[in-house]
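Each remark here refers to the structure printed beneath this line.
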Amino acid sequence: MPRKSTSLSLDADLIARAKDAGVNLSRAAEAGIKDQLRQAEADRWEEENKDAIQAYNRRVENEGLPLDAYRKW
């Protein structure tokens with residue numbers, strides 16, 4: 001994917017420590033944004049599907065697992 005230049009405001013001490021440690025700030029910021037985005041998308045999916053998840057859980061509580069009769073353990 002093409003890269004795009006952007007401007008961020010970061011804690012000055014954090015930047016200095018990262019530079020001293022040889023951390024690539026762009027790559028580190030990108031990794032952090034990816035992690036946050038992955039979590040936000042997972043949270044959104046869970047919220048959008050919570051009714052179906054709850055309904056499935058109630059069904060399993062009432063009826064057991066769908067293929068439970070075929071389990072060998």
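Everything numeric here is computed off the predicted structure, so don't read it as measured data. Atom set for the values below is all heavy atoms of this structure, side chains included, hydrogens, waters and symmetry mates excluded.
- The main-chain N or O of Gly64 is never found under 3.5 Å from a side-chain atom of Asp68 such that the two would form a donor-acceptor pair.
- The side chain to side chain donor-acceptor pair (under 3.5 Å) pairs that include a residue from residues 24-36 are Arg3-Glu30, Asp35-Arg38, where partners are two or more places apart or lie in different chains.
- If you chain together hydrophobic residues whose side chains sit under 4.5 Å apart, Leu65 and Leu67 never meet in one group.
- Residues forming a side chain to side chain contact (heavy atoms under 4.5 Å, CB included) with Leu14 (at least two apart in sequence, or on another chain): Asp11.
- Atom-to-atom distance recorded for Glu47:CD and Lys50:NZ is 4.0 Å, nearest 0.5 angstrom.
- Separation of atoms CG (Leu8) and CG (Leu25) is listed at 9.5 Å; rounding is to 0.5 Å.
- In summary, Arg17 and Asp20 do not engage in a salt bridge, as defined by a charged side-chain N under 4.0 Å from a carboxylate O.
- Within 6.0 Å of CD in Gln54 there are more than 12 heavy atoms belonging to other residues, nucleotides or ligands.
- Listed by chain and residue number, Gln39 satisfy the side chain to side chain donor-acceptor pair (under 3.5 Å) test with Asp43 (two or more places apart in sequence, or in another chain).
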